[in-house]
Amino acid sequence: MHRRATISRSLLARPTLARVRQLALIGTGWSLIGLGALMSPLPGPFGFPVALVGGVILLRNSADARRLFVRLKRRHPRLLSPVERIRVKLRHRRNAARAKAAATA
């Protein structure tokens, strides 16, 4: 059973501020991916960074996008290994910064 099926109708009728923010960020992520695809024929690497930022926003705010990313990662590991390396590196950097901040506080 999907999680959406267990949400009561009254919660669906009145979206909270957090849900509206999440939907706005998902829309922004898809818009940036589309903009990056439109910019990709231009000379230079203009479209790729824009689409990458859109993908990051989408992965951080959409459970469906995360599931799709994990499925693609398992199906095509060599294709997505550069993305995974960058993601792991950023996670280690973020955890080190949190540990340093906790040690100084």
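Computed from a predicted structure; not experimentally measured.
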Problem set entry | Neighbour count above 12 (heavy atom, 6.0 Å) for Arg91 CZ | yes
Hey, can you pull the donor-acceptor pairs under 3.5 Å for the side chains in residues 96-105, sequence neighbours left out?
{"unit_1": "Thr104", "atom_1": "OG1", "unit_2": "Lys100", "atom_2": "O", "d": "3.3"}
{"unit_1": "Thr104", "atom_1": "OG1", "unit_2": "Ala101", "atom_2": "O", "d": "3.1"}

Problem set entry | Common cluster, Leu42/Leu35, ILVMFWY with side-chain heavy-atom separation under 4.5 Å | yes
For this session: Only counting residues at least two apart or in another chain, list the ones meeting side chain to side chain contact (heavy atoms under 4.5 Å, CB included) with Arg74.
Result: Val70
Exercise. With sequence neighbours left out, what residues match Ile86 under side chain to side chain contact (heavy atoms under 4.5 Å, CB included)?
Worked result: Leu90
Exercise. Under the side chain to side chain donor-acceptor pair (under 3.5 Å) rule, what pairs show up with a residue in residues 77-90, not counting sequence neighbours?
Worked result: Lys73-Glu84, Glu84-Arg87
For this session: Heavy atoms only: give me the nearest Gly54-Ile33 pair and the separation to one decimal.
Result: C-CG1, 3.8 Å
Exercise. Any chain of hydrophobic side-chain contacts (each under 4.5 Å) joining Val50 to Phe46?
Worked result: yes
For this session: Using the side chain to side chain donor-acceptor pair (under 3.5 Å) rule, collect all pairs that involve residues 22-45, keeping only residues at least two apart or in two chains.
Result: Arg19-Gln22
For this session: Report yes or no: do Leu59 and Leu25 belong to one cluster of Ile/Leu/Val/Met/Phe/Trp/Tyr joined by side chain heavy-atom distances under 4.5 Å?
Result: no
Exercise. Does CZ belonging to Arg66 count more than 12 external heavy atoms closer than 6.0 Å?
Worked result: yes
Exercise. Within a radius of less than 6.0 Å around CZ of Arg94, do more than 12 heavy atoms belonging to other residues, nucleotides or ligands occur?
Worked result: yes
Exercise. How would you list, by chain and number, every residue that makes a side chain to side chain contact (heavy atoms under 4.5 Å, CB included) with Val53, sequence neighbours excluded?
Worked result: Leu32, Ile57
For this session: Give the intermediate values and the outcome of side chain to side chain contact (heavy atoms under 4.5 Å, CB included) for residues Leu72 and Leu68.
Result: CA-CA 6 Å; Leu72 286 172; Leu68 178 64; 4.1 Å; yes
